[in-house]
Amino acid sequence: MKIYSEGEKSQAVCKSCKSKVSTTFSICRVLYNGGKGFVEDVLAATCDNCDSVVSIPQQSVPRIKEKFHSKKHSIEVRIPRHLLDILLLASDRFEFGNPELLKDYLVRYYIGVADSDKEMINNIKKFSTSDFAKGSGFRLSLKVNDGIQQRFIHLMKVTSLTKTQILRGIILQINEDILQSPTKKKLAELEKVLLAAG
Amino acid sequence: MGLKVVREKAIECLKSGRIQHETDRAGNLDEKNLLVTGQISVEEVIQLLLSTKGTEFETSKHHIIRGLDVHIFRPKKWYIKCYFIEPDIFFISVH
């Protein structure tokens, strides 16, 4: 795939100069919606005569896409304080940084993998209705992207559980995997995930 | 150039990543170009070009640059407008 670099020359049609012009790729702020919206730090081609942004290479699309479609969803539930402590303890075990942030990566990862893991789905069902899962003294708010949100909704469908029950089940699965019965394999897998995420 | 030649050339550019997207008169990105906003993928555009019939293709002149052919594909209610400035393809619209 062709990758353009900053300073590279090309050609394009410049509507301001009304001609085919020589262009140079540079990092620009690209506007849209009549100038009401913008995307920063986009590689774009500017006219060598008038400096107008005249074209955008395909390689800049992921950055633009992020701006247009990076919808964040919020999953909010109430859980007992000891479930929050489990999340923080489990996150802290890896010692990569702030457990408060790592706990969110951990939960998002479990939502992502539970969707296609029958054993984990069964565990979530079992854990979510246990006495240990009961209580509601603490509010947990989790920001997720479209992909995780879709998996979460799918999980709700296949388990017939509420979002609160699913998150409680997931936290207790994390408790099993990291705090109660950790295996080297599982810890190594999670370590890679948190290392990359953090 | 007929459909077959234009399509082959367009797909070659798409596969090799030699793709640029035209901005509007004010230098803004055009939200009607769903390829630049990431709502359609390069692979999907290739499939749309491959499914275009002869009656769904036309070529006209660029409204500013004399001698520059603008190609329009209209497969499956899509509207794909592009031209070539060698060695790249430039998309005006994909919606």
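Salt-bridge formation is not detected for the pair A/K126/A/E176: no Lys NZ or Arg NE/NH1/NH2 atom is positioned less than 4.0 Å from an Asp or Glu carboxylate oxygen. A salt bridge links A/E189 with A/K186: at least one charged nitrogen is closer than 4.0 Å to a carboxylate oxygen.
Residue B/I65 touches chain A through its side chain alone, counting heavy-atom pairs closer than 4.5 Å. In this structure, chain A has no heavy atom under 4.5 Å from any part of B/F91. Heavy atoms of B/S16 lying under 4.5 Å from chain A belong exclusively to its backbone. Proximity to chain B (any heavy atom under 4.5 Å) is restricted, for A/Y4, to the side chain, taken from C-beta onward. For B/D88, the part lying under 4.5 angstrom from a heavy atom of chain A is the side chain only. Using a 4.5 Å cut-off between heavy atoms, A/A44 does not touch chain B at all. Heavy atoms closer than 4.5 Å to chain B are found in the side chain of A/V30, but not in its backbone. The part of B/L68 that comes within reach of chain A is its side chain, from C-beta onward, which places non-hydrogen atoms under 4.5 angstrom from that chain. In this structure, the portion of A/S10 lying under 4.5 Å from any heavy atom of chain B is its side chain and not its backbone.
Here the options are B/K81, B/H21, B/E22, B/H95, the test is side chain to side chain donor-acceptor pair (under 3.5 Å), and the partner is B/N33; only B/H21 passes. Here the options are A/I178, A/V193, A/L195, the test is side-chain contact (heavy atoms from CB on, under 4.5 Å), and the partner is A/F94; only A/I178 passes.
Side chains of B/E43 and B/S41: a donor-acceptor N/O pair is absent below 3.5 angstrom, by distance only.
By number of non-hydrogen pairs under 4.5 angstrom with chain B, the leading residue of A/N33, A/V61, A/I64, A/I56 is A/I56. Heavy-atom pairs under 4.5 Å with chain A were tallied for B/R25, B/E86, B/R18, B/H63; the largest tally goes to B/R18. Ranked by heavy-atom pairs under 4.5 Å with chain A, the list B/Q39, B/R66, B/H62, B/K15 is led by B/Q39.
Open room surrounds NZ on A/K18; 12 or fewer heavy atoms of other groups in view lie less than 6.0 Å from it. Atom CD of A/E119 has 12 or fewer neighbouring heavy atoms from other residues, nucleotides or ligands inside a 6.0 Å radius.
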- Task: Begin from the C-alpha positions of A/I170 and A/I124 and carry the test side chain to side chain contact (heavy atoms under 4.5 Å, CB included) through to its verdict.
- Result: CA-CA 6 Å; A/I170 282 176; A/I124 289 170; 3.6 Å; yes

